J.: 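Shown below is the structure under consideration.
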Amino acid sequence: MSFLSEDFARDGYFVVRGLFEPDCLAAARRECEALVEETAVRLKADGKVSDISGGASFAERMALLYREIPEESPTTFRQELHREGFFGLFAHPRLLEMAEAHLGPELRLYPNYSVRPKLPGNRRTEVLWHQDAGYTEGGSQVLKMMNVWTPLVPARVENGCMQFVPGSHCQGLVPHEKETYYLKISDAVIGPVEGGAVNIEVDPGDVVVFSNLLFHRGLPNRSAQVRWSMDFRYQDATQPTLRLTQGHLLRSRLRPEGVVRDAAHWAQLRFQ
Ligand SMILES: O=C(O)CCC(=O)C(=O)O
């Protein structure tokens with residue numbers, strides 16, 4: 001796993017092209033389509049939309065549904081992810097191998113696994129410069145994590161791909177300020193390094209692995225389509241989550257009976 005330690009140590013991230021097999025990806029995408037269908041039916045029942053846009057493509061339908069009510073659009077799906085089709089990504093053996101090499105044998109899926117439909121032109125989906133560790137409650141304690149981001153449609157500058165500042169994880173935890181929707185790294189810290197940011201343009205199947213101290217943001221979506229992605233984090237399960245929720249064990253030698261067994265088991269569990 002030398003590529004993990006070399007690139008990760010120097011840049012704070014690395015990209016693995018084509019990690020997810022087509023079947024694995026298709027299963028996750030089908031679950032997203034089912035989530036959108038359920039959302040459409042609910043919006044219709046609540047009288048919020050007259051047209052459920054049933055014929056629209058995956059990349060367009062959420063945007064059409066929330067065209068008249070953009071302030072009501074979900075920015076993430078989280079509670080809803082206990083469905084069989086997502087398990088293959090969360091528990092992909094190659095990701096768990098990398099996580100084990102980085103974090104040790106006790107691995108939990110940290111309780112903020114998300115599907116993100118980044119709607120076009122919606123300020124609530126523009127994620128500002130931050131470190132993920134800046135969102136972890138518990139003051140200056142930095143949890144040991146391996147963070148993963150993966151697109152379900154091609155992610156480009158135009159539709160709001162991620163931007164990273166390579167090497168910024170070496171600065172440790174820096175001050176964040178609360179903005180309207182998200183935290184933002186203080187201008188005095190991000191200003192001098194922002195010019196060195198790189199665009200992380202990736203395709204479905206590709207995986208971006210990054211440090212929870214890396215300075216990063218999600219650009220605004222200036223396209224006409226939804227930028228669908230998933231992000232999740234593995235944590236050393238011997239550490240506290242510093243949240244009320246505990247996530248789920250994916251590998252363990254200490255407590256093998258607590259590990260999520262398979263997709264069917266995952267689907268019986270809840271976000272916790
Ligand atoms: O998907 C995005 O635009 C931002 C996601 C992000 O910042 C994260 O996963 O930490």
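Numbers for residues simply follow the sequence, beginning at 1. Atoms within a ligand are numbered from 1 in the order they appear, just like the ligands themselves. What you see is a predicted model, and the numbers here were worked out from it, not measured in a lab.
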J.: State which residue, out of Val209, Val208, Val207, fulfils the side chain to side chain contact (heavy atoms under 4.5 Å, CB included) condition with Phe14.
T.: Val209
J.: Quick one: look up the protein heavy atom nearest atom 4 (C) of ligand 1 and list residue, atom name and how far away it is.
T.: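 Atom 4 (C) of ligand 1 sits closest to the protein heavy atom Met162 SD, 3.5 Å.
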J.: Please list, in number order, the atoms of ligand 1 under 4.0 Å from a heavy atom of Asp231.
T.: 9 (O)
J.: Please could you name the atoms of ligand 1 that Val127 approaches to less than 4.0 Å, counting only its heavy atoms?
T.: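 Every atom of ligand 1 under 4.0 Å from some heavy atom of Val127: 4 (C), 7 (O).
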J.: Is the shortest N/O to N/O distance between Arg217 and ligand 1 below 3.5 Å?
T.: no
J.: For the residue pair Phe210 and Phe164, is the inter-centroid distance of their aromatic rings smaller than 6.0 Å?
T.: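 Phe210 vs Phe164: aromatic centres under 6.0 Å.
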J.: Pick from Val202, Asn199, Ile200: which one makes a side chain to side chain contact (heavy atoms under 4.5 Å, CB included) with Met162?
T.: Ile200
J.: Which is it for Thr125 and ligand 1 at heavy atoms under 4.0 Å: side chain, backbone, both or neither?
T.: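 No part of Thr125 comes within reach of ligand 1.
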J.: Of the backbone atoms (N, CA, C, O) and the side-chain heavy atoms from C-beta on, which set of Arg233 has a member under 4.0 Å from an atom of ligand 1: side chain, backbone, both, or neither?
T.: side chain
J.: Heavy-atom distance to atom 3 (O) of ligand 1: which of Arg116, His216, Arg227 wins?
T.: Arg227
J.: Distance under 4.0 Å to a non-hydrogen atom of Lys118: what atoms of ligand 1 satisfy this?
T.: 3 (O)
J.: Any side-chain heavy-atom pair from Thr39 and Phe77 closer than 4.5 angstrom?
T.: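 They are in contact (side-chain heavy atoms under 4.5 Å apart), so the answer is yes.
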J.: Hey, which atoms in ligand 1 end up nearer than 4.0 Å to a heavy atom of Asp132?
T.: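 Checking each atom against Asp132, I get 10 (O).
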J.: Side-chain contact, heavy-atom cut-off 4.5 Å: Ile185 with Pro175?
T.: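 Ile185 does not reach Pro175 side chain to side chain.
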J.: Taking side chain as C-beta onward, heavy atoms only, is Met230 less than 4.5 Å from Arg116?
T.: no
J.: Tell me which protein heavy atom sits closest to atom 7 (O) of ligand 1, plus the residue, atom name and distance to 0.1 Å.
T.: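 Nearest neighbour among protein heavy atoms for atom 7 (O) of ligand 1, to 0.1 Å: His130 CE1, 2.9 Å.
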J.: Look at Glu100 together with Arg253 and state whether they make a salt bridge at an N to O cut-off of under 4.0 Å.
T.: yes
